[in-house]
Amino acid sequence: MGLRAEQRERTRSVLLDVSRRLFAARGYAGVGLADLVGEAGVTKGALYHHFEGGKSDLFRAVVEQVHEEIGTTVAAAADAESDPWDQLTAGCRAFLVAATDPAVRRILLIDGPAVLGWREWRAIDDAQSASHLVESLELLVETGVIAQQPVVPLARLLSGAMNEAALWLAETDDPGALDDVTTALFRLLGALRT
């Protein structure tokens, strides 16, 4: 990689890091373009060079980054298990743990759908993590662990429940909340078993 390419990549990386920190702390609406470029130490031209749509494109890239990181975390937790049922429950728990981070909650679950719109946010979620949940449920149906049923609606229901639980977890001060949510989720999932 040449020097100019390295500089471009470094600028893009700095913009992502700074904007992620600011969006997490202040929310999308609380961060101005001047804040972003000032903190990153770049010009507005540099920001627009990397993110044509400016702040909204930069935010979209941050949402994609957060989704990708959580997807990697969930996949790693699931892949650490050999049994398909244990893969599902480990992945679900890993999502809840990751989503309790207030920065993740703010960027991914609050501002993401509001700023990008539900369809665009859902497309990012589908590309990063929802497809893994569908695949896991399909395997459980195929192996007879859960009853034959439409998997995509089931995945949407479970995803919605976990997103809602993650929002609640990120706001509560109850030290036992994660264990309580996990117990309730596993009980809910257990009802699916044949």
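Numbering starts at 1 and runs along the sequence shown.
For the pair W121/L108, a side-chain contact is recorded, criterion being any heavy-atom separation below 4.5 Å from C-beta on. Taking 4.5 Å as the limit, every side-chain heavy atom of F51 sits out of range of all side-chain heavy atoms of S56. Counting heavy atoms from C-beta on, the side chains of D57 and Y48 never come closer than 4.5 Å. Side-chain contact between L33 and K44 is present, with at least one heavy-atom pair separated by less than 4.5 Å.
Using a 4.0 Å cut-off between a side-chain N of Lys or Arg and a carboxylate O of Asp or Glu, D126 and R156 qualify as a salt bridge. Here E69 pairs with R20 in a salt bridge; the nearest charged N to carboxylate O distance falls below 4.0 Å.
The closest donor-acceptor contact from the side chain of K55 to the backbone of L36 lies at 3.5 Å or more, if one exists at all. Judged purely by atom type and a 3.5 angstrom limit, N163 has no side-chain atom pairing as donor or acceptor with the backbone of G160. Using modelled atom types, one side-chain atom of T182 and one backbone atom of L178 make a donor-acceptor pair closer than 3.5 Å. Checking side-chain atoms of T194 against main-chain N and O of A147 turns up no donor-acceptor pair under 3.5 Å. A distance-only check finds no donor-acceptor pair linking the side chain of S13 to the backbone of E9 [under 3.5 Å]. For T183 (side chain) and D179 (main-chain N/O), a donor-acceptor pair under 3.5 Å exists by modelled atom type. Checking side-chain atoms of Q87 against main-chain N and O of E81 turns up a donor-acceptor pair under 3.5 Å.
When all heavy atoms of V181 and A165 are compared, the pair lying nearest together is CG1-CB, 3.7 Å. Across all non-hydrogen atoms, the minimal contact from A77 to A94 is CB-CB, 3.5 Å. Summarising the geometry of A166 relative to A99, their closest heavy-atom pair is CB-CB, 3.3 Å, with the distance given to 0.1 Å. Minimum interatomic distance between H50 and R12 (heavy atoms only, all atoms of both residues): ND1-CB, 3.7 Å. Scanning both residues, L15 and A40, for their nearest heavy atoms gives CD2-CB, 3.9 Å. Taking all atoms of both residues into account, the shortest heavy-atom contact from R105 to A170 is CD-CB, 2.9 Å.
To the nearest 0.5 Å, atom CZ of residue F186 and atom CG of residue L88 are 8.0 Å apart. Interatomic distance, CG of L16 versus CZ of R21, reported as 13.0 Å (0.5 Å rounding). For the atom pair CG (L189) and CD1 (I146), the distance works out to 9.0 Å, reported to the nearest 0.5 Å. How far CD of E120 is from CG of D125: 12.5 Å, rounded to the nearest 0.5 Å. Between the CD1 atom of I124 and the CD atom of Q65 there is a distance of 12.0 Å, given to the nearest 0.5 Å. Atom OG1 of T143 and atom CG of D83 lie 8.5 Å apart (nearest 0.5 Å).
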When you look at L133 and L158, which way does the side chain to side chain contact (heavy atoms under 4.5 Å, CB included) test go after all the steps? CA-CA 9 Å; L133 181 56; L158 292 175; 4.2 Å; yes
Go through the steps to decide whether L140 and R193 satisfy the test side chain to side chain contact (heavy atoms under 4.5 Å, CB included), and finish with yes or no. CA-CA 9 Å; L140 291 170; R193 292 190 82 154; over 6 Å; no
As a quick check of understanding, evaluate side chain to side chain contact (heavy atoms under 4.5 Å, CB included) for D180 and D174, giving each step before the final call. CA-CA 10 Å; D180 291 346; D174 180 354; 4.1 Å; yes
For the pair I110 and L167, evaluate side chain to side chain contact (heavy atoms under 4.5 Å, CB included) and give the outcome as yes or no after the intermediate values. CA-CA 8 Å; I110 296 174; L167 284 168; 3.8 Å; yes
